[in-house]
Amino acid sequence: MDERNRILQLRKELNEHNRRYYILNQPSISDQEFDLLMHELQDLEARHPEMADPNSPSQRVGSDLNQEFAHVRHKYPMLSLANTYNSGEVEEWFHSVERLLGGEPFEVCCEMKYDGLSISLTYVDGQLVRGVTRGDGTQGDDVTGNVRTIRSIPLVLNPPQPADLFTPATPIPHEFEIRGEVLMPYKVFDALNAEREEAGEPLFANPRNAASGTLKSQKSEMVARRKLDAYLYYLMGEQLPSDSHYENLQTARRWGFKVGEGMRKVKTLQQVLDFISYWDTERKNLPVATDGVVLKVDSLSQQRRLGSTAKSPRWAIAYKFKAERERTLLESVSFQVGRTGAVTPVANMQPVQLAGTTVRRATLNNEDFIRELDLHIGDYVYVEKGGEIIPKIVGVDVEHRPEGLAPVSFAKVCPECGTPLVRVPGEAAHYCPNDAGCPPQIKGRIEHFIARKAMNIESLGPETVDDYYRQGLIHNIADLYRIQVQDINGDGSRDKSARKIVKSIADSVKVPFERVVFALGIRFVGETSAKLLARHFKSMEALAAASMEELQQVEGVGEVIAKSVVDYFANPVNQQIVERLRSYGLQMRMEEKAEGEGSDVLAGQSIVISGVFTHHSRDEYKAIIEQHGGKNVGSISGKTSFILAGDNMGPSKLEKAQKLGVRIVSEEEFLEMISGV
């Protein structure tokens, strides 16, 4: 056999071994034998670059090159499901389907609700061509390179297999889409967090966060190391095998996809409720995180007749399991410092299994929360996972409290820099006032500064900021602008990414003044108040010189924000940082509007934005409204001038607008409204 044919044979064999190992859980060769075949394939492919194929099993190791995710519009919108936590609403949904179908018989497909990151996979002629995240439901990130590293996602589909001896094999459609969840198994999650803890890195809160962060990593090589898994649950396309959703998934299983084993097709409400009851307990034995069950009308033609609301399909509902509760021992309380200097108490507990993960820590919110619980070190506490994600203490077993336990006392000084803490009157949180010298605050402010809605320095992230801080490259936001390529390209192997980072930092000097004000990270000054301050004072000099009284003349700026602004600019360290930013070329004053650029056509009008738009994004429309003198508001009231409505406007907003008589303006009407000025 020549080498080219051997490559094709090895690819076929390795794809089958991957399927048997990761999907069927029935390996037929040892890991060593698999590795020998893989090494043979890699050697042959290296000798024959003309045989390159992105769907070769050798490509599952991923690449260490940085990648940028393109945005891809979904062929079919990825709607979210309506959620419920009680069986009564499940019963209401079941009966509503009966009514909408006019009493016509129907079946329900009951499935597990996997707690991961939604993914849409497109196959053409049996080969994976694209993997896209849910995104906003209309478009998502193209993560195909990362998806190819997930062993349970087939790159090339098996030849069609017959369902039984009497049923012919179902042909694979020329093109179809299959959707599911990308997850991180519990064992992988625990091992990953153990590695991060040993390395002194922050731990992932739960498998879902870990899976999401991994799939959106810029390096597919790292994705491959993290051993993600995937369960598929919906087949879409023009030429599907069956009108039955259940049967389509069984067919997909025979094509090589991993489909949840617990799926069941039922006919009665009682069978639905029995399925929920069974999995409420049995889910704890699954290898991956689940947070409920999904109920779908099985017939695709009936699904089409039932249709969807603006947000979710009428033919499906998700039943969410109630949070698990466990009892464990409170061993100590530590304190964490955030970007704004807010200090959060954290409970350190004896490890306890909760919703499939080992929980050792839980937030305690603030001093008032601790006092309400009457918490003592050594107490037995009840822990839940809110929404199956965030651990929290919900009660104390006071009856079994040993005598002599000391109550939890809140920290008096910052655990990071030793500065005495302060508590602003009327605020629940304690703060470290050393904003210029406290490491978590410094790094947090830099992360805030580079964020999309601030300076939009896309090539940097929290891990990079931490790395640069530890190297001594940056100690404040101004230090970013003195970074040179040679400082961050290592041994020269990262030259391309280093140049991209330096260019992104340099490009940020074009960011408008109001976003510079927001990027400074002045405590209590959010995106909206930063715009108001920038537009009122017009320049950084005027803002820095403003008095408490002058600041409070700005709409929406009260005593707390005003004092925070005054304190910020009174600090000599902050004064020096602002002057350095000025010297690096950042925008320090409002630009004068060019002729025809803006107008007062929307002056005095309060406008609500709702829906999905074609010509501009929501953020762009917000900027356009402000550019023409209007004011963006988040909720509808009698004072709302009109609603700028795109596709899929929320039904509750539509109902409220009609009730209050608020005018609804389409995207085209709005653009025409401002085009004549």
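Computed from heavy atoms alone, side chains included, the values below leave out hydrogens, waters and symmetry copies.
Leu215 places a side-chain heavy atom less than 4.5 Å from the side chain of Ile119. Between Val525 and Tyr568 the shortest side-chain heavy-atom distance does not fall below 4.5 Å. Residues Cys414 and Val343 have side chains not in contact (no heavy-atom distance under 4.5 Å, counting atoms from C-beta outward). In this structure, the side chains of Gln441 and Arg523 come closer than 4.5 Å at one or more pairs of heavy atoms. Between Gln576 and Glu579, the closest side-chain pair of non-hydrogen atoms is not below 4.5 Å. Leu480 has its side chain within reach of Ile450: a pair of non-hydrogen atoms, C-beta onward, lies under 4.5 Å apart. Taking the side chain as every heavy atom from C-beta outward, Val502 and Asp487 never approach each other to under 4.5 Å. Contact of the Met673 side chain with the Phe642 side chain is registered, since non-hydrogen atoms from C-beta on lie closer than 4.5 Å.
Residues passing the ring pair (Phe, Tyr, Trp, His ring centres under 6.0 Å) test with His430 are Phe410, sequence neighbours excluded.
Rounding to the nearest 0.5 Å gives a distance of 11.5 Å between CG of Leu473 and OG1 of Thr464. With values rounded to the nearest 0.5 angstrom, His74 atom NE2 is found 7.5 Å from Arg134 atom CZ. Phe569 contributes atom CZ, which lies 9.0 Å from atom CG of Leu551 (distance to the nearest 0.5 angstrom). Note that the CD1 atom of Ile522 and the NE2 atom of His448 stand 9.0 Å from one another [nearest 0.5 Å]. Taken from OG1 in Thr344 to CG in Asn365, the straight-line distance is 8.0 Å, to the nearest 0.5 Å. Distance NZ/Lys453 to CZ/Arg515: 10.5 Å, rounded to 0.5 Å.
At distances below 3.5 Å, at least one donor-acceptor pair connects side-chain atoms of Gln587 with backbone N or O atoms of Val509. Under the 3.5 Å distance criterion, the side-chain polar atoms of Ser508 are left unmatched by any main-chain donor or acceptor of Met455. Side-chain atoms of Arg361 never come within 3.5 Å of backbone atoms of Ala347 as a donor-acceptor pair (strictly under, hydrogens ignored). Looking only at distances, a side-chain donor or acceptor of Asn632 sits under 3.5 Å from a matching main-chain atom of Lys622. Without hydrogens or angle criteria, Ser564 side chain to Ile561 main chain gives no donor-acceptor distance under 3.5 Å. Counting only distance, with no hydrogens or angles, the side chain of Ser641 and the backbone of Ser606 share a donor-acceptor pair below 3.5 Å. Between the side chain of Asp435 and the main chain of Cys438, no donor-acceptor pair closer than 3.5 Å is present. Between the side chain of Thr133 and the backbone N or O of Asp141, at least one donor-acceptor pair lies under 3.5 Å.
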Side chain to side chain contact (heavy atoms under 4.5 Å, CB included) evaluation trace for Asp507 with Asn456 = CA-CA 9 Å; Asp507 289 345; Asn456 193 27; over 6 Å; no
After noting the C-alpha distance and the side-chain angles of Glu181 and Arg208, does the key distance pass the salt bridge (Lys or Arg N to Asp or Glu O under 4.0 Å) rule?
-> CA-CA 10 Å; Glu181 294 284 308; Arg208 187 190 188 284; 5.7 Å; no
Verdict with reasoning, Leu520 to Ile477, per side chain to side chain contact (heavy atoms under 4.5 Å, CB included) | CA-CA 8 Å; Leu520 292 177; Ile477 55 178; 4.1 Å; yes
Could you please spell out the steps behind the side chain to side chain contact (heavy atoms under 4.5 Å, CB included) verdict for Lys639 and Val633?
-> CA-CA 10 Å; Lys639 296 180 180 179; Val633 292; over 6 Å; no
Mind running salt bridge (Lys or Arg N to Asp or Glu O under 4.0 Å) on Glu626 and Lys531 for me, showing each step along the way?
-> CA-CA 10 Å; Glu626 292 172 352; Lys531 287 179 180 178; 3.3 Å; yes
Would Leu586 and Val511 count as a side chain to side chain contact (heavy atoms under 4.5 Å, CB included) if you check the C-alpha gap in whole Å, the side-chain angles of each, and the deciding distance to 0.1 Å?
-> CA-CA 7 Å; Leu586 275 71; Val511 164; over 6 Å; no
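Thr640 and Ile636 get closest at one heavy-atom pair: OG1-CA, 3.5 Å. The two residues Leu581 and Ala478 come nearest to each other via the heavy atoms CD2-CA, 3.8 Å. Residues Cys417 and Asn434 come closest through the heavy atom pair SG-ND2, 3.5 Å. Nearest approach of Glu667 to Tyr621, heavy atoms of both residues: OE2-OH, 2.7 Å. Annotation for Leu192 and Ala210: closest pair CD2-CB, 4.5 Å, computed over non-hydrogen atoms. Ser547 and Val566 make their closest contact through C-CG2, 4.4 Å (heavy atoms, listed as atom of the first residue, atom of the second, distance).
When the shell of 6.0 Å around CZ of Arg582 is examined, it contains more than 12 heavy atoms from other residues, nucleotides or ligands. Heavy-atom neighbours of Glu669 CD from other residues, nucleotides or ligands within 6.0 Å: above the threshold of 12. Within a 6.0 Å sphere centred on CZ of Arg535, heavy atoms belonging to other residues, nucleotides or ligands number more than 12. In the displayed structure, Gln471 atom CD is contacted under 6.0 Å by more than 12 heavy atoms of other residues, nucleotides or ligands.
The aromatic rings of Tyr481 and Tyr584 lie parallel to each other, with less than 30° between the two planes, well short of the 60° mark.
Between the side chains of Asp142 and His71, no donor-acceptor pair of N or O atoms lies under 3.5 Å. When only modelled atom types and interatomic distance are considered, Ser120 and Tyr76 share no side-chain donor-acceptor pair under 3.5 Å.
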